[in-house]
Number of protein chains: 2
Amino acid sequence: MTRGDLFSPACPTRRLLDRIGSKWTSMAVKVLAEAAPGEVRFADLRRRIPGISQKMLSVTLQSLVHDGLVARRVEPAVPVRVHYRLTELGLSLEVPLAALREWAEAHMAEIDEASAGR
Amino acid sequence: MTRGDLFSPACPTRRLLDRIGSKWTSMAVKVLAEAAPGEVRFADLRRRIPGISQKMLSVTLQSLVHDGLVARRVEPAVPVRVHYRLTELGLSLEVPLAALREWAEAHMAEIDEASAGR
DNA sequence: CAGTATCCTCCTAGATACTG
DNA sequence: CAGTATCTAGGAGGATACTG
């Protein structure tokens, strides 16, 4: 199964991490997952992701939509409202991602200890 | 459980992804996991991670050792041999990471399709 | 409200050369 | 063999201002 990884860009895991590993992606997915199967508005996402700028939220959502993990729905109104939700694909990713989240919450303290200089 | 994430740096998942999401980390962990509980030498790791430079492998391993995920053993010889293996902590991370890998191998094609422009 | 458009700064990763 | 030391380029991410 190590076959096929003839050059790094071909490794699926690496490519997946390149996408979901970008600074705000995991938090956006988390918020959307908590609301699933419901939708979340742009402004709500922004409120629920402390510290994120308008631009970075926009960029992050665009890449998620582009990758087919998130669906975007524009509600025609003035001013417009845009709603986001995880797609089927996004929801399926949530499963392993939730496992990783649990691990992180359970073990990051150990990593911190090790990093601190033991 | 969304509590505590008052500011992004506090999110454990975000911080975990910052570490294992760096370019070569996931591949190094994968190779070490495949060899576990055995050790892998620096030169072997380099051979098994096509495209990685000496420096990047060194840097990657250092951060893993620093975080307590990998153990480093120097075999006194001339020239020296250095062996690496996953620690208990590293092995426990392998579980959710393997799940993510499986997802990536099963679904990256769908992401590619969506990205390609559908 | 939900973006775009600029500009700017750091940090990651690569290339290269040297050493115990 | 397994690193360390430099230098550099490129891109991610942030600040700010403007718009349909």
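This is a predicted model, so every value here is computed, not measured. Residue numbers start from 1 in every chain, and the chains themselves are labelled A, B, ... in the order their sequence lines are given, proteins ahead of strands.
Per the geometry, CZ belonging to B/R72 stands 16 Å off P belonging to D/dC1, to the nearest Å. Across the protein-nucleic acid pair, B/R19 atom CZ and C/dT12 atom C1' stand 16 Å apart, rounded to whole Å. Atom P of nucleotide D/dA9 and atom NZ of B/K55 are separated by 14 Å, given to the nearest angstrom. Computed from coordinates, the A/M56 CE to D/dT16 P distance equals 16 Å when rounded to whole Å. What separates CG of B/L57 from P of C/dT12 is a distance of 18 Å, to the nearest Å. Across the protein-nucleic acid pair, A/Q54 atom CD and C/dA2 atom P stand 9 Å apart, rounded to whole Å. Taking atom CG of residue A/L61 and atom P of nucleotide C/dC1, one finds them 16 Å apart after rounding to whole Å. Protein atom CG of A/D44 is 13 Å distant from nucleotide atom P of C/dG3, rounded to whole Å.
In summary, the side chains of B/E88 and B/S92 do not present any donor paired with an acceptor at a separation below 3.5 Å, with no hydrogens or angles considered.
Between A/S26 and B/T13, the closest heavy-atom pair is CB-CG2, 4.5 Å. Of all non-hydrogen atoms in B/I20 and A/L17, the two that sit nearest each other are O-CD1, 3.8 Å.
Listed pair B/Q62 / D/dG3 fails the phosphate criterion, with no side-chain N or O lying under 4.0 Å from OP1 or OP2. When the side-chain nitrogen and oxygen atoms of B/W24 are compared with OP1 and OP2 of C/dT12, none of them lie within a distance under 4.0 Å. The phosphate of D/dT4 (OP1 or OP2) has a side-chain N or O of B/S58 nearer than 4.0 angstrom.
Although no hydrogens or angles enter the test, the distance criterion places a donor-acceptor pair under 3.5 Å between the side chain of A/R14 and the main chain of B/K23. The backbone N or O of B/S115 lies less than 3.5 Å from a partner atom in the side chain of A/H66, making a donor-acceptor pair.
The side chain of B/K23 lies closest to C/dG14 when the candidates are C/dG14, D/dC1, C/dG3. Nearest nucleotide to the side chain of B/A43, out of C/dA2, D/dG13, D/dA2: D/dA2.
Among the heavy atoms of the strands, none lies under 4.0 Å from A/R46.
Base pairing annotation: D/dT8 forms a Watson-Crick or G-U wobble pair with C/dA13, both donor-acceptor distances under 3.5 Å. Pairing for C/dA5 goes to D/dT16, judged as Watson-Crick or G-U wobble with the two contacts each under 3.5 Å.
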